[in-house]
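Shown next, in C-alpha cells, is the structure this report addresses.
For reference, positions follow the sequence shown, starting with 1. Fair warning: this is a prediction, and the values are worked out from it, not measured in the lab.
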Amino acid sequence: MGSLVLWLAVCVLLALTLRNHLYLVLAGSTFLYLALPFYASTLLIGGSVGLIPQLHPSTWLIVAAALVACATVGKRTNVESFYFWFYMAMMFFVVFATITTWWYSKSTGLKVVIDQIIGPILLFTLLRGEYRRVPQRIFAIRNALLAGVVLNIVVAYAVVTEAIQQPHRDLYKSIFGVFPAPDRGFGLTDQPLALAFVIMVALPLVLSLRSWPLRVIITFVMLAGVLLTQSRLGVVVAIVAVAYLIFQAETPIRRIGSVLVFFIILFYFYRSDLYDGVQRRFEYDSGSTLARSYGWEFALDNWQAFWWTGGGAGSVYRTVREAGANTSLESAFTIYGFDFGFVGTALFFGFLVAAVLRARHNSIRGARLAAALALVVVQTYSSISTQSAAGCVFWLAIALATCGTREVALQPTAPMPRSDLPAASVVNSTRRYA
C-alpha cells in the first residue's frame, strides 16, 4: 500500500510540474511500458490493494496526466465530426467493458481493461492534444518508443547468448509456471510474440528518422530482434523493411553499404543456433496456424450467444474450456467478442480501421503503415487481451498515424499556433524536426 501511495504522489507531482509539457510524461510512460514488464510491476508499486487492481506504473502515470490535463485545459477544441463519433464509440466500449468485467469478475479482470484499453486510449487522446499544441512534440514519443524497443532487443540478445540471465526470471516462473524456450528472446516484454509485435510496429517509424546512419543501424538491430523472437510474420516484415530501406537509399554508396550489412547479418545468423530455430518454425508449424484457424471457426460457431454482451475480461478462456476446446483463439477480435460482446467489438475495431484509412497526411513518415500493421498483427495472437506492452504500442501507432488532421481551437489567441494551420502545412513544418 505504501509503495502505491508513493508512486501515485510521484505521478501527480510529475504531471503538475510538467503540465505545460505533458509530452515528456507521455514519452516517459511509453518507455516505462517497455522497460518494466507487467508481471514485474509489483516490484515498484506492490500488488493489488482491496478493490484497486494491480496496474502497471505507466498506467497510473497516464491517468494522472489525464486528470491534470482536464483540470488545466484552457480552451475547448473543435473536433471534426468523425472524431466526435470516434470518441463516443470508444467511450461506449470502455463503459460497457468496465461494467461487464466488474459485474462478472470484480477487480480480477478489471486490470486488463484499464491497462490495455482505458490507459492506452488516454495516451492516444493526450498525444493528439499535445500534437495540436506543438506538433513537433510527437517526435519525443516516437523516440521513446524506438528507444524502448532497442533496449528490449539488446536485453533479448544478451539473454539468448547467455551473457546475462533473464531479468526477473524467478518472478516470471512463479507467476506463469512455465518459461519460454531459451532460444526465443523476449527482452523485457512478457513473451516472444509481444516483442515481435512491438518491433513490427516500430519498424515503419524508423523511416521517419532524419539521420540515414541511425536509420540503417536501428533497422538492422530490429531485424536481429525479430530473428531472436523466431516470429515468422516478424521475419517477413523485417526483411521487407530492409528491402524498402535499400530501395530508398539516396546514393549508390548507401545502397551498397546497406546490402553489405544485410548480408553480414544473414551470414552471422546462418552460422548461429538461431538459424535452426527459425527454420524449424517455418518447416514445422507446431500447431499455431491450426490454433488460429480453429479459433475463428469456434468464434463463427458460438458468437450468437455473445452478440451483445460477454462475460468480462478474461472470460473467453472459461468459455472455450467449457466448450471442450483447447485454444486461446489467438485473435484480439474474437477474444474481445467473447469478453465484451461482438457488437461492441465490431464497433471498436471498425472505428480504429476507419481512423487509419482516413489518415492521409501524417506528421511522421511510416506512421500509417505502423498503425495498419498493428491492426493486423493483434489478430494473430492474444496481444491486447493480456497484460503486456501491446496495448500501449497499439494505441500509440494509431495516434501517430492520425496526427495531421485539422482540429482548430475555438477563440484562438494571437499569435496563431502552428497546429491551427492546415494539415499539409503542419506536416511540412514538423518533418523538419524528424
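- Ring planes of Phe340 and Phe93: perpendicular class, angle over 60° (limits at 30 and 60°).
- In this pair, His168 and Tyr39 present their aromatic rings perpendicular. The plane angle is above 60°, beyond the 30 to 60° band.
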(message) The test is side-chain contact (heavy atoms from CB on, under 4.5 Å); show your working for Leu188 and Leu36 and say whether it passes.
(response) CA-CA 6 Å; Leu188 297 170; Leu36 180 65; over 6 Å; no
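- Using cut-offs of 30° and 60° for the angle between ring planes, the Phe247 and Tyr244 rings count as tilted.
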(message) Working note: Cys403 + Ile364, criterion side-chain contact (heavy atoms from CB on, under 4.5 Å); need CA distance, chi angles, decisive distance, verdict.
(response) CA-CA 8 Å; Cys403 283; Ile364 291 186; over 6 Å; no
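- Between the side chain of Ser383 and the backbone N or O of Val378, at least one donor-acceptor pair lies under 3.5 Å.
- Heavy atoms only, all atoms of each residue included: Ile52 and Leu4 are closest at CG2-CD2, 4.4 Å.
- Using a distance-only test at 3.5 Å, with no hydrogens or angles considered, a donor-acceptor pair links the side chain of Ser385 to the main chain of Ser382.
- The 12-atom threshold is exceeded at CE of Met88, counting heavy atoms of other residues, nucleotides or ligands nearer than 6.0 Å.
- Of the possible donor and acceptor atoms, one in the side chain of Thr319 sits under 3.5 Å from a partner among the backbone N and O of Ser315.
- Counting only heavy atoms from C-beta outward, the side chains of Val112 and Thr386 never approach each other to under 4.5 Å.
- Between Phe298 and Phe338, the ring planes are tilted. Angles from 30° to 60° get that label.
- Side-chain atoms of Thr229 and Arg184 form no donor-acceptor pair, as typed in the model, at a separation below 3.5 Å.
- The nearest pair of heavy atoms linking Ala397 to Val201 is CB-CG1, 3.6 Å.
- Remark: Arg358 is positioned above the aromatic ring of Phe82, its terminal NZ or CZ atom under 6.0 angstrom from the ring centre and at most 45 degrees off the axis.
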(message) Evaluate Phe124 against Phe86 for side-chain contact (heavy atoms from CB on, under 4.5 Å), listing each step before the verdict.
(response) CA-CA 12 Å; Phe124 169 90; Phe86 177 91; 3.6 Å; yes
(message) For a side-chain contact (heavy atoms from CB on, under 4.5 Å) check, start with the C-alpha distance between Ile398 and Leu375, then their side-chain angles and the critical distance, and finish with the verdict.
(response) CA-CA 9 Å; Ile398 303 294; Leu375 285 167; 4.2 Å; yes
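- Put simply, the side chain of Arg128 gets close to the backbone of Thr402: a donor and an acceptor are under 3.5 Å apart.
- Between Phe186 and Gln166 the shortest side-chain heavy-atom distance falls below 4.5 Å.
- Judged by distance alone, the side chain of Tyr172 and the main-chain N or O of Asp190 form a donor-acceptor pair under 3.5 Å.
- With hydrogens and angles disregarded, a donor-acceptor distance shorter than 3.5 Å links the side chain of Arg142 to the backbone of Ser208.
- Residues Tyr381 and Ser331 have side chains that never bring a donor and an acceptor to within less than 3.5 angstrom of each other.
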